[in-house]
Amino acid sequence: MIAALAQRLAVACRAVGRAGLAHAYGHCSVRLDARTFLASPAKPLSLVTDSDAPVRVTVDAPLPEGALPEVRLHQQIYRCRPDAGGIVRFQSPKLMSLSTLGRTPLARHGLGTYFAPQPPLWPDPRLVRDDRSAEAAAAMLGGARAIVLRGNGALAVGRSVEEAAVLAWFLEDAARVELDVLATGLDGQIYTAAEAADRAVTSGRLFERMWDWLAAGDPSAKSMPSGEAAGTTKAANAV
């Protein structure tokens, strides 16, 4: 089981890197059981290999040797979110720029509806490297699918690490649309709560197809695990 999860984690790391969602910095994790998870090694995500050993972390103990300091945010999320099966911490370009305006993307297009009405913004520009900040950021995230970190990218949470990677791509695309709309100087249209709830569908292999695209070409890639696509409830998106 651990070997299979470690391989899934490595594939997700490479997919996030290839998609341009992370450069030298970023990290991913996958839940192992109620108290432990596997975190990616301290290296650029696109360079993680199947032979790289992930770091095994416990949710209620100090970070072990080899764990990146910000993995404590993963700890807090897994501790309070039993639905979380995978986490992607990424630094994509459009989302980074938008966050410096003190904004997060509104639900302006289909992929943005999964974060409706919009993801929360963690306002502190410092890296989340202490337990107190990690606990507060996890509390701000609440049941949402993602949280934007001002000037530091974002973090996406899914029922699997594959889903978290898909959500990371969705959020970056929502930031692209938001910046494009802002550049026009016009207000633009926003999905109503009812429209967003109806659009944030999971049928038709919507998440699975995006995962297939993100992981294309990776010899170790497998299909998204059955029943693990978009498991967060619509109600949990409200912030």
Side-chain angles (χ1 to χ4, degrees), residues 1-17 21-22 25-45 48-91 122 127-147 149 153-168 207 211 214-215 220-222 224-232 236:
M1 175 183 176
I2 294 179
L5 283 175
Q7 186 177 67
R8 285 173 53 189
L9 178 63
V11 172
C13 288
R14 294 191 291 268
V16 170
L21 300 174
Y25 312 117
H27 32 92
C28 303
S29 65
V30 61
R31 186 189 288 276
L32 185 57
D33 54 43
R35 294 186 62 251
T36 58
F37 62 94
L38 302 178
S40 56
K43 62 188 301 185
L45 294 181
V48 174
T49 70
D50 290 351
S51 60
D52 286 324
V55 183
R56 186 167 179 164
V57 185
T58 304
V59 299
D60 52 5
L63 289 179
E65 183 178 354
L68 290 165
E70 282 188 280
V71 170
R72 55 181 29 93
L73 182 51
H74 297 235
Q75 277 185 310
Q76 295 296 331
I77 294 170
Y78 284 121
R79 185 179 63 79
C80 62
R81 285 278 296 270
D83 65 301
I87 295 173
V88 171
R89 171 73 172 89
F90 60 106
Q91 298 196 2
W122 176 249
L127 294 172
V128 182
R129 289 186 167 184
D130 63 88
D131 291 331
R132 184 175 181 180
S133 295
E135 185 175 354
M140 178 177 282
L141 170 70
R145 289 185 169 114
I147 185 170
L149 309 171
L155 181 146
V157 182
R159 284 185 62 188
S160 67
V161 69
E162 293 89 352
E163 181 185 310
V166 168
L167 288 168
F207 272 59
W211 170 249
L214 287 171
S220 299
K222 297 179 175 61
M224 179 179 283
S226 177
E228 291 190 1
T232 310

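Keep in mind it's a predicted model, so treat the numbers as computed, not measured.
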query = What heavy-atom pair brings Arg81 and Ala144 nearest, and what distance separates the two atoms?
reply = NH1-O, 3.0 Å

ask   = Do the side chain of Glu163 and the main chain of Met224 share a donor and acceptor less than 3.5 angstrom apart?
value = no

message = A side-chain contact here means heavy atoms from C-beta on lying under 4.5 Å apart; do Trp122 and Val128 qualify?
response = yes

request  = Report yes if some heavy atom in the side chain of Leu32 is under 4.5 Å from a heavy atom in the side chain of Tyr78; otherwise report no.
outcome  = no

remark   = salt bridge (Lys or Arg N to Asp or Glu O under 4.0 Å) filter on Asp50, not counting sequence neighbours, yields Arg14

remark   = d(Arg129 CZ, Leu68 CG) to nearest 0.5 Å is 8.0 Å

ask   = Do Pro64 and Val57 have side chains that get closer than 4.5 Å, going by heavy atoms?
value = yes

ask   = So, for Gly66 and Val55, which heavy atoms are closest and what is the spacing to 0.1 Å?
value = O-CG2, 3.6 Å

task = Mark yes or no for whether Ser40, through its side chain, and Cys28, through its backbone, hold a donor-acceptor pair below 3.5 Å.
result = yes

request  = Kindly give the heavy-atom pair with the smallest separation between Asp52 and Pro41, and that separation in Å.
outcome  = CB-CG, 3.9 Å

inquiry  = How long is the straight-line distance from CD1 of Ile147 back to CE of Met140, given to the nearest 0.5 Å?
reply    = 5.5 Å

key: Which atom of Ala168 lies closest to which atom of Ala156, heavy atoms considered   = N-CB, 4.0 Å

inquiry  = Any non-hydrogen side-chain atom of Leu63 less than 4.5 Å from a side-chain atom of Val71?
reply    = yes

ask   = Which value, rounded to the nearest 0.5 Å, describes the distance between Leu5 atom CG and Ser29 atom OG?
value = 11.0 Å

All pairs passing salt bridge (Lys or Arg N to Asp or Glu O under 4.0 Å) where residues 69-80 contributes a residue, at least two apart = Glu70-Arg89, Arg72-Asp131

task = Could you label the plane-to-plane angle of the His27 and His74 rings as parallel, tilted or perpendicular, counting under 30° as parallel and over 60° as perpendicular?
result = tilted

task = List the atom of Leu21, the atom of Ala165, and the distance in Å for their closest heavy-atom pair.
result = CD1-O, 4.3 Å

Residue pair Leu38 / Arg56, side-chain heavy-atom distance below 4.5 Å = yes

inquiry  = So which atom in Ala138 and which in Gln76 form the shortest heavy-atom distance, rounded to 0.1 Å?
reply    = CB-CB, 3.7 Å

message = So does Thr58 get a backbone contact from the side chain of Gln75, meaning a donor-acceptor N/O pair under 3.5 Å?
response = yes

Atom pair CD1 (Ile87) and CG (Leu73), whose distance is rounded to the nearest 0.5 Å = 7.0 Å

remark   = To the nearest 0.5 Å, atom CG of Leu155 lies from atom CZ of Phe90 at 7.5 Å

inquiry  = Run the side-chain contact (heavy atoms from CB on, under 4.5 Å) test on Phe37 and Val161 for me, step by step, so that the C-alpha distance in whole Å, both residues' side-chain angles and the decisive distance to 0.1 Å come before the verdict.
reply    = CA-CA 11 Å; Phe37 62 94; Val161 69; over 6 Å; no

